[in-house]
Amino acid sequence: MKLKPLKIRNLTSEFPVVQAGMGVRIGNATLAAEVVKSGGFGTIASVGFGRVDITIDGFVAEGCRCLAQEIRTAKELCHNRKPLGVNIMVALSTYKEFVEVCVREKVDFIISGAGLPLPLPEYVGDADIALIPVISSARALEVVVRCWSRKYHRKPDAIIIEGPKCGGHLGFAMEQIEHPETTALDRLLPECREVMKRYDIDVPVLAAGEIASRADIEKFIAMGYDGVQIGTYFITAEEAGIDRRSKEVFINATHDDIVIIKSPVGLPCRVLRTPLVQRVLAGSQEPFRCPYHCLRTCNPRKAPFCIAKALLATWSGDVENGLYMCGCNIDAVKEIYPVKQFFDTLKD
Ligand SMILES: Cc1cc2nc3c(=O)[nH]c(=O)nc-3n(C[C@H](O)[C@H](O)[C@H](O)COP(=O)(O)O)c2cc1C
């Protein structure tokens, strides 16, 4: 199958691939810029670029400053090529401020999930930015499109459907995750298309979850999707932001090492059973102090560990204390490779 370009609003990529925003600092400027240069949609994950050992006021300003810098670095690295965008989780306490940074820095698109991105069009205003909500059910899609059309007369420019086999936080109940066939991407697509038809929305729909090869992409295009979002497979790209020791944890892991935990974000989260996770599953309360409350949905007094601290440990290669979020297709992650190598397999 010949893979067609992906067109979202006024943006086009050579291949129908969006690189997933992956925090903390996995989806950084280097990875996003290289994806843009190779022919995909490159996405910076907005979370966690600033220092975290500072007060709440400093934390917001520092996060905004560092995100702006990361966007500028990415633009420089890809020589201002498009489409370069940012992923902003709704659960972030700095959600509005980060959207405003994206407007000021003129990114091409914003991908937003981990909650329903209801106020996104208001924060973006009339800036020329493609808005791409991430949803995991037709019901969630309907809530978003109804709100956007009534309040802002705005439609999504594309829609990402995250299935139950994705890495990281999952918009599903535990029973659905245990029986992924009930909410599989082939079932979610017609349900979402039905909502789109009712609201007269004709935009690309992208599949996310368990995609790591040209064959996987072709499978989802044949199913009726317009493209895909890929996360886990890009974690061990040379250009991805985390330390080599952490990339090796992903490479050495197998499907049997995966476990679902309840994350401090308040959602189920697919991770590897690394030392931190083993301790938490055994009932450990990891010591931390939280001066900044980075997630609106986290209760630091009840959370067994600080997810920001754990993801920064992953970034720095601290395997004992890191949290290793990953998708079901961890077995496809076998090496550290240049991003271009993957995109070359998509050429005819
Ligand atoms: C390590 C990791 C970090 C992630 N970070 C984010 C994030 O910051 N924001 C977000 O919306 N989704 C995040 N996700 C979810 C991805 O954006 C994506 O939808 C998902 O990983 C796709 O499935 P795949 O990993 O099987 O390719 C993350 C996933 C992983 C594996």
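Both ligands and their constituent atoms are indexed starting at 1 by order of listing. All residue numbers in this chain count up from 1 along the given sequence.
Of the candidates N329, I26, N87, N87 brings a heavy atom nearest to atom 9 (N) of ligand 1. Which of E210, R25, Q19, H169 comes nearest to atom 26 (O) of ligand 1 through a heavy atom is settled by distance: it is E210.
From the protein, the heavy atom lying nearest to atom 22 (C) of ligand 1 is C166 SG, 3.6 Å. Protein heavy atom closest to atom 7 (C) of ligand 1, with residue, atom name and distance, is G21 O, 3.4 Å. Of the protein's non-hydrogen atoms, the one nearest atom 5 (N) of ligand 1 is G23 N, 3.1 Å.
Residues A240 and N28 approach most closely at C-OD1, 4.4 Å, considering heavy atoms.
Among residues at least two apart or in separate chains, there is no side-chain hydrogen bond (donor to acceptor under 3.5 Å, both in side chains) pair with a member in residues 175-186.
Among the atoms of T232, some N or O lies under 3.5 angstrom from an N or O of ligand 1. At under 3.5 Å, not a single nitrogen or oxygen of M22, backbone or side chain, sits near a nitrogen or oxygen of ligand 1. Residue M89 has no nitrogen or oxygen atom sitting less than 3.5 Å from a nitrogen or oxygen atom of ligand 1, judged on distance alone.
For the pair R154 and W148, the cation-pi criterion (under 6.0 Å, within 45° of the ring axis) is not fulfilled. Annotation: cation-pi geometry satisfied between K96 and Y123 (NZ/CZ under 6.0 angstrom from ring centroid, within 45° of ring axis).
Heavy-atom contacts of A20 reach the following atoms of ligand 1: 16 (C), 17 (O), 18 (C) (cutoff under 4.0 Å).
Sparse packing is recorded around NZ of K7, with 12 or fewer heavy atoms of other residues, nucleotides or ligands lying under 6.0 Å away.
Side-chain contact annotation: N329 with D216, donor-acceptor N/O pair under 3.5 Å absent.
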